[in-house]
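Structure record follows, encoded as structure tokens.
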Amino acid sequence: MAKKQDMFYFDNFCACADFSCQAAYLLDRAMREFDPVHIKEKLDEMHTVEHAADEKKHEMLHVLAKAFITPIEREDIILLSQNIDEVTDKIEDVLLRLYCNNIQSILPDALPLVSVVIRCCEELRTLLSDFADFKRSKHLHDHIVNINTLEEEADELFVSSMRTLHTTSSDPIQIIVWREIYIYLEKCVDACEHVADTVESVIMKNT
């Protein structure tokens, strides 16, 4: 287990991952209970989560700037923090597209992708909760593999959704806007995988 003074960084990673989960749950509710009249309210709520995640990241960077010794390399702490923050940002981007594109109803194929985003964020949070004990943990590799598997599942859903979109819709505007939304949903899962890859790199360098 990491030293007490080092746990600040690992706790911060977990807290930021929890904000990603909050954002994913909010996106899921907004899409499953979709009401275009209230989409701006959901976007404001999402921005509150995103802002809190940014504050948590900046808190860690402020401490890091004054630290003499860190549990892992400074560059890795910064990279990991930025990658976790990117997950929340990408989730917010999906809701932003729903708002900017004036979406009036949700296509059914989008919902399984949102479910994968939730599962991926939850797996990421579990991965980071074990990260402090990375030199002895027997489960970190399994979490990384699970996230990679979820990314592959998202890729398959993305291809299927795009195929359905292009073969069933005759409205070019609908094709354009939903193509963008599907791409951003996939980017959410890709962002989770980037965090897992960074964790794996840190483990390899420090064990």
Side-chain angles (χ1 to χ4, degrees), residues 12-36 38-60 79-103 105-129 131 143-144 146-158 161-162 165 177-199:
N12 189 282
F13 294 147
C14 291
C16 289
D18 190 64
F19 283 122
S20 295
C21 288
Q22 291 180 38
Y25 298 146
L26 175 55
L27 178 63
D28 182 69
R29 290 196 304 273
M31 295 183 71
R32 292 185 188 278
E33 304 166 7
F34 188 73
D35 183 349
H38 299 294
I39 188 66
K40 182 60 168 60
E41 296 172 16
K42 295 296 184 183
L43 188 59
D44 291 342
E45 189 177 346
M46 180 71 78
H47 184 69
T48 299
V49 174
E50 189 274 335
H51 180 71
D54 278 345
E55 288 293 312
K56 183 60 69 173
K57 179 186 71 172
H58 292 315
E59 175 187 320
M60 190 274 293
L79 179 60
L80 187 53
S81 179
Q82 290 173 338
N83 285 350
I84 299 169
D85 188 59
E86 187 73 5
V87 175
T88 305
D89 288 345
K90 292 302 182 187
I91 295 170
E92 183 184 33
D93 282 342
V94 176
L95 195 56
L96 188 61
R97 263 78 196 159
L98 295 175
Y99 174 72
C100 291
N101 291 331
N102 194 29
I103 297 299
S105 61
I106 300 298
L107 295 185
D109 281 354
L111 298 180
L113 271 168
V114 178
S115 294
V116 175
V117 172
I118 287 179
R119 289 159 56 203
C120 213
C121 287
E122 290 175 339
E123 191 71 38
L124 185 63
R125 182 172 56 187
T126 304
L127 166 67
L128 291 168
S129 70
F131 185 40
H143 297 315
I144 292 169
N146 289 342
I147 291 171
N148 291 336
T149 301
L150 286 168
E151 193 276 334
E152 292 174 1
E153 182 179 341
D155 283 346
E156 293 176 1
L157 288 170
F158 173 77
S161 298
M162 290 289 284
L165 177 65
V177 299
W178 275 99
R179 180 180 184 274
E180 183 180 44
I181 292 166
Y182 288 147
I183 287 173
Y184 271 87
L185 282 167
E186 188 190 27
K187 284 182 178 181
C188 295
V189 180
D190 287 343
C192 289
E193 187 176 45
H194 292 160
V195 177
D197 290 343
T198 303
V199 169

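Bear in mind that the values here come from a model prediction, so they are computed numbers and not experimental data.
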Got a sec, which residues hit side-chain hydrogen bond (donor to acceptor under 3.5 Å, both in side chains) with D93, two or more places apart in sequence or on another chain? none
Salt-bridge contact R119-E123 (side-chain N to carboxylate O under 4.0 Å): no
Can you name the nearest heavy-atom pair linking V94 to C188, along with the distance? CG2-SG, 3.8 Å
Taking salt bridge (Lys or Arg N to Asp or Glu O under 4.0 Å) as the definition, give me every residue that meets it alongside K42, ordered by chain and number, with sequence neighbours left out. none
Taking all non-hydrogen atoms of both residues, which atom of L185 and which atom of A110 are closest, and how far apart? CD1-O, 4.0 Å
Note, D197 side chain near N148 side chain (heavy atom, < 4.5 Å): yes
Between CG on residue N146 and SG on residue C192, distance to nearest 0.5 Å: 12.5 Å
Side-chain heavy-atom pair H47, L43 within 4.5 angstrom cut-off: no
Within this structure, what is the CG-CD1 distance for the pair N102 and I39, rounded to the nearest 0.5 Å? 10.0 Å
Kindly indicate whether the side chain of L26, heavy atoms from C-beta on, has any atom under 4.5 Å from the side chain of R29. yes
Rounded at 0.5 Å granularity, tell me how far CZ in R97 sits from CD in E92. 10.0 Å
Gap separating the CG atom of L150 from the CG atom of L157, nearest 0.5 angstrom: 10.5 Å
Any side-chain heavy atom of C121 sitting closer than 4.5 Å to one from I91? yes
Could I get the full list of salt bridge (Lys or Arg N to Asp or Glu O under 4.0 Å) partners for E152, not counting sequence neighbours? none
Taking it one step at a time, do E41 and E45 satisfy side-chain contact (heavy atoms from CB on, under 4.5 Å)? CA-CA 6 Å; E41 296 172 16; E45 189 177 346; over 6 Å; no
Decide side-chain contact (heavy atoms from CB on, under 4.5 Å) for D18 and Q22; before the verdict, give the C-alpha distance in whole Å, the side-chain angles of both, and the deciding distance to 0.1 Å. CA-CA 6 Å; D18 190 64; Q22 291 180 38; 3.1 Å; yes
Near H51 NE2, under 6.0 Å, is it more than 12 heavy atoms from other residues, nucleotides or ligands? no
Please name all residues satisfying ring pair (Phe, Tyr, Trp, His ring centres under 6.0 Å) with F131, sequence neighbours left out, ordered by chain then number. F10, F134
Above 12 or not: heavy atoms from other molecules or residues under 6.0 Å from CZ of F158? yes
Could you tell me which non-hydrogen atom of A23 sits nearest to which non-hydrogen atom of T88, and how far apart they are? CB-CG2, 4.1 Å
Straight-line distance of E86 CD to C16 SG, nearest 0.5 Å: 13.0 Å
Least distance between heavy atoms, I103 atom then F34 atom: O-CZ, 3.2 Å
For L113 and D109: C-alpha separation, side-chain torsions, deciding distance, then whether side-chain contact (heavy atoms from CB on, under 4.5 Å) applies. CA-CA 7 Å; L113 271 168; D109 281 354; over 6 Å; no
Side-chain touch F13/V199, heavy atoms, less than 4.5 angstrom: no
Run the numbers on E122 and Y25 for side-chain contact (heavy atoms from CB on, under 4.5 Å), then give the verdict. CA-CA 10 Å; E122 290 175 339; Y25 298 146; 2.7 Å; yes
Which atom names give the shortest non-hydrogen contact between A24 and V117, and what distance separates them? CB-CG1, 4.2 Å
Residues two or more places apart in sequence or in another chain: which of them pass salt bridge (Lys or Arg N to Asp or Glu O under 4.0 Å) with R32? D28
Any salt bridge linking K56 with E59? Criterion: basic side-chain nitrogen under 4.0 Å from a carboxylate oxygen. yes
Distance in Å, I84 CD1 paired with Q82 CD, rounded so as to fall on 0.5 Å steps: 10.5 Å
Return the set of residues passing salt bridge (Lys or Arg N to Asp or Glu O under 4.0 Å) with E151 (not counting sequence neighbours), or none when no residue passes. none
Side chain proximity check, L124 to I147, heavy atoms < 4.5 angstrom: yes
What's the shortest heavy-atom distance between L27 and M46, and which atoms? N-CE, 3.9 Å
Any side-chain heavy atom of E153 within less than 4.5 Å of one from T149? no
Heavy-atom side-chain contact between M31 and L98 under 4.5 Å: yes
